[in-house]
J.: 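One structure coming up, written as structure tokens, with questions to follow.
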Amino acid sequence: MPLTFLTADREQDADPAAHSGEAPQPFEERDEWRRPYRPGPWRVAGGALILLLSSYLLISTVIIAFAGAYPAAAVCAVLSAVVITLALRLLRVGVWVSAHGLRQTGLFSTVTLPWREVAAVRTAQQPVRWLGLPRTVQGQALVVVRAGAAGPTAEGEPLRTLLTDHNADFLNRVPAFEQAADVIEAWHDESRGA
């Protein structure tokens, strides 16, 4: 017996086409930052493993505190907080869009561009990193080109590519990559027209 009241998929149950693949997410609040795709299984699994490590650190903190070594317990607690922060940051990595612009969130840095500073958003065939590792393979990447100093039609340097069909969100999920790239390109086209 499905318990739809326990899930966030109640709206998808009414639409049988939603079960065939990932349905695009509705964008009612255009001023809020949204990721136009769901985090992939590799990203979620990596975050879960890091959170598992933090649970071991928290258990170690309790055991060390009961043993009476409070400075060592404090170090373990701080290390656990750092690991939890890293896991949460890993889950936020990706491309985010709103009516204000485009935001590329990395593990340690975030770049936000207003739409007027984005000259082009396009998909390109190029060597891409496999799961963010140094090994590169041929694949597709969403390339975001900044507007040059001469104006919005002149192209500047591209942003660091975070959205590829071989990253942690889209490995072995090419249709999901194409859908996410189309949604981001549509946000760009719509924002340029506004």
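Just the heavy atoms: all of them, side chains too, but no hydrogens, waters or symmetry mates, feed the values below. Heads up: numbering here begins at 1 and tracks the sequence.
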J.: Tell me, do Leu142 and Thr164 make a side-chain contact under 4.5 Å, heavy atoms counted?
T.: no
J.: Does Ile84 belong to the same Ile/Leu/Val/Met/Phe/Trp/Tyr cluster as Leu53, with side-chain heavy atoms less than 4.5 Å apart forming each link?
T.: no
J.: What are the two closest heavy atoms between Ile64 and Ala72, and how far apart are they?
T.: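 So the two residues come closest at CG2-CB, 3.8 Å.
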J.: Given 3.5 Å as the limit, does a donor-acceptor pair link the side chain of His166 with the main chain of Val128, or not?
T.: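 Checking the backbone N and O of Val128 against the side chain of His166, no donor-acceptor pair under 3.5 Å is found.
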J.: What are the two closest heavy atoms between Gln138 and Gln126, and how far apart are they?
T.: NE2-N, 3.4 Å
J.: Hey, is the main chain of Val93 close enough, under 3.5 Å, to the side chain of Arg35 for a donor-acceptor pair?
T.: yes
J.: Give a yes or no answer on whether the side chain of Ser80 reaches the backbone of Cys76 with a donor-acceptor pair at less than 3.5 Å.
T.: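 Such a contact is absent between Ser80 side chain and Cys76 backbone.
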J.: Taking Asp169's backbone N and O only, do any of them form a donor-acceptor pair with Arg173's side chain (distance below 3.5 Å, no angle check)?
T.: yes
J.: With no hydrogens and no angle check, just 3.5 Å: does a side-chain donor-acceptor pair link Glu178 and Thr123?
T.: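 Side-chain D/A pair, Glu178 to Thr123: absent.
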J.: With side chains defined as the heavy atoms from C-beta onward, is the minimum distance between Leu88 and Leu51 less than 4.5 Å?
T.: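 Answer no - side chains too far apart.
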J.: Taking only residues two or more places apart in sequence or in another chain, which ones pass ring pair (Phe, Tyr, Trp, His ring centres under 6.0 Å) with Trp96?
T.: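 For Trp96 there are no ring pair (Phe, Tyr, Trp, His ring centres under 6.0 Å) partners, ignoring immediate neighbours.
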J.: What is the minimum heavy-atom distance between Val145 and Arg122, and which atoms define it?
T.: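 It is CG2-NH2, 3.7 Å.
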J.: Report the distance from atom CD1 of Ile50 to atom CG of Leu86, rounding to the nearest 0.5 Å.
T.: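 It comes to 4.5 Å.
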J.: Quick one: does any side-chain atom of Arg89 pair with a main-chain N or O of Gly106 as donor and acceptor, under 3.5 Å?
T.: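 Pair found, side chain donor or acceptor close to backbone of Gly106.
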J.: Roughly how far, to the nearest 0.5 Å, is the CZ atom of Arg43 from the CG atom of Asn167?
T.: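 One finds 6.0 Å between CG of Asn167 and CZ of Arg43.
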J.: Using ring pair (Phe, Tyr, Trp, His ring centres under 6.0 Å) as the criterion, list what pairs up with Phe170, not counting sequence neighbours.
T.: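 Listed in chain order: Tyr37, Phe177.
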J.: Provide the closest heavy-atom pair for Leu91 versus Gly47 in the form atom of the first, atom of the second, distance.
T.: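 Smallest interatomic distance, heavy atoms only, reads CD2-CA, 4.5 Å.
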J.: Locate the shortest heavy-atom distance separating Leu171 from Trp130; write the atom from each residue and the value.
T.: CD1-NE1, 3.6 Å
J.: Does Gln140 offer a backbone N or O that forms a donor-acceptor pair with the side chain of Asp165 under 3.5 Å?
T.: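 Answer holds: yes.
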J.: Do other residues, nucleotides or ligands put more than 12 heavy atoms under 6.0 Å from the CH2 atom of Trp33?
T.: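 Enclosed.
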J.: Please examine the side chains of Trp115 and Val97, heavy atoms only from C-beta on, and report whether any two atoms are closer than 4.5 Å.
T.: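 Yes; the side chains approach each other to less than 4.5 Å.
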J.: Could you tell me if Thr136 and Arg129 have a donor-acceptor pair between their side chains, going purely by distance under 3.5 Å?
T.: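 Judged by distance alone, the side chains do not pair up.
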